[in-house]
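Report on the structure given below.
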Amino acid sequence: MLALTRKKGESIIINDNVEVVVISVNGDQVKLGIVAPKSIPVHRKEVYELIQKENMEAALNSEVGKIFSCD
Amino acid sequence: MKLNTKHFGEIEIDESKILTFEEGLPGFEDTKRFILLRDDKDTDELFYWIQSVDDEKLAFALIDMLKIMPDYDPMVPIEELSALGDFDSKDLVNYNILVIPDEVKEMTANLLAPIVINNATKKAKQIISTNDYDVKYKIFDMLKK
């Protein structure tokens with residue numbers, strides 16, 4: 001993994017078209033600004049991981065009958 | 001073609017109806033082809049399934065949330081919709097993935113990230129909406145109304 005040190009207000013450029021700016025640092029919280037072309041969706045990693053986890057749980061649903069017997 | 005399914009045994013499917021998830025689904029990034037199924041017993045057309053065409057053991061239960069929550073209105077970035085090809089809003093449908101635990105009353109729908117299907121191109125994607133919707137929204141009590 002590449003590790004870079006940046007100060008508040010500084011940024012890094014990824015792949016020529018995505019800029020990540022350090023907006024503020026407050027204790028162990030870092031606020032980042034992301035400037036990306038509209039075609040690149042920016043998701044927080046934890047949101048994507050949340051959806052991954054939810055999908056894995058959903059794939060385990062066992063019985064189709066369960067949802068039709070709840071009346 | 002014939003397809004073995006997780007919940008419905010072997011069925012005949014129309015290959016032209018196969019949906020392509022170019023990026024797979026989060027957690028199942030390599031699974032790109034699904035078919036949308038509905039149980040004939042569900043006369044309300046409330047529940048659907050997406051069954052993987054390539055992995056018979058993989059299927060997700062879906063719900064048509066608008067049928068039980070008419071004001072459900074996920075906002076999704078237009079760029080993500082564009083990934084589904086040219087679209088006309090009448091061709092777009094969205095469903096939400098269900099988690100149905102052993103205690104069925106605890107069933108939840110993922111309102112945060114609906115499955116969006118472009119029926120014109122047969123491309124589909126699970127898109128993370130920009131609303132503040134819950135990923136585990138309890139729906140059981142809404143079904144009884």
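Summarising the geometry of B:Lys6 relative to A:Leu60, their closest heavy-atom pair is NZ-C, 4.3 Å, with the distance given to 0.1 Å. Residue B:Phe28 comes nearest to A:Ala59 through the heavy atom pair CZ-CB, 3.6 Å, listed as atom of the first residue, atom of the second, then distance. In terms of heavy atoms, B:Leu98 sits closest to A:Ala58 at O-CB, 3.4 Å. Of all non-hydrogen atoms in A:Tyr48 and B:Glu29, the two that sit nearest each other are OH-OE2, 2.8 Å.
A:Leu4 and A:Ile13 end up in different hydrophobic clusters when Ile, Leu, Val, Met, Phe, Trp and Tyr side chains are linked at under 4.5 Å. The cluster map of Ile, Leu, Val, Met, Phe, Trp and Tyr, joined by side-chain heavy atoms under 4.5 Å apart, puts A:Leu32 and A:Val25 in the same cluster. Criterion: ILVMFWY side-chain heavy atoms under 4.5 Å apart, direct or through other members. Under it, B:Tyr72 and B:Met107 are part of a common hydrophobic cluster. Each of B:Leu66 and B:Phe87 belongs to its own hydrophobic cluster when Ile, Leu, Val, Met, Phe, Trp and Tyr are linked at side-chain heavy-atom distances under 4.5 angstrom.
In this structure, B:Tyr137 places its OH atom where only 12 or fewer heavy-atom neighbours from other residues, nucleotides or ligands lie under 6.0 Å away. Heavy-atom neighbours of B:Asp14 CG from other residues, nucleotides or ligands within 6.0 Å: above the threshold of 12. With a 6.0 Å radius and a threshold of 12 heavy atoms from other residues, nucleotides or ligands, B:Met75 has its CE atom at or below the threshold.
Separating the CG atom in A:Leu50 from the CG atom in B:Asn110 is a distance of 7.5 Å, to the nearest 0.5 Å.
The part of B:Leu112 that comes within reach of chain A is its side chain, from C-beta onward, which places non-hydrogen atoms under 4.5 angstrom from that chain. Heavy atoms closer than 4.5 Å to chain A are found in the side chain of B:Thr108, but not in its backbone. Interface remark: B:Leu25 contributes backbone and side-chain atoms alike to the contact with chain A (heavy atom separation under 4.5 Å).
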Would A:Lys53 and B:Val135 count as a side-chain contact (heavy atoms from CB on, under 4.5 Å) if you check the C-alpha gap in whole Å, the side-chain angles of each, and the deciding distance to 0.1 Å?
CA-CA 10 Å; A:Lys53 182 170 158 282; B:Val135 76; over 6 Å; no
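Between B:Val99 and A:Glu54 the shortest side-chain heavy-atom distance falls below 4.5 Å.
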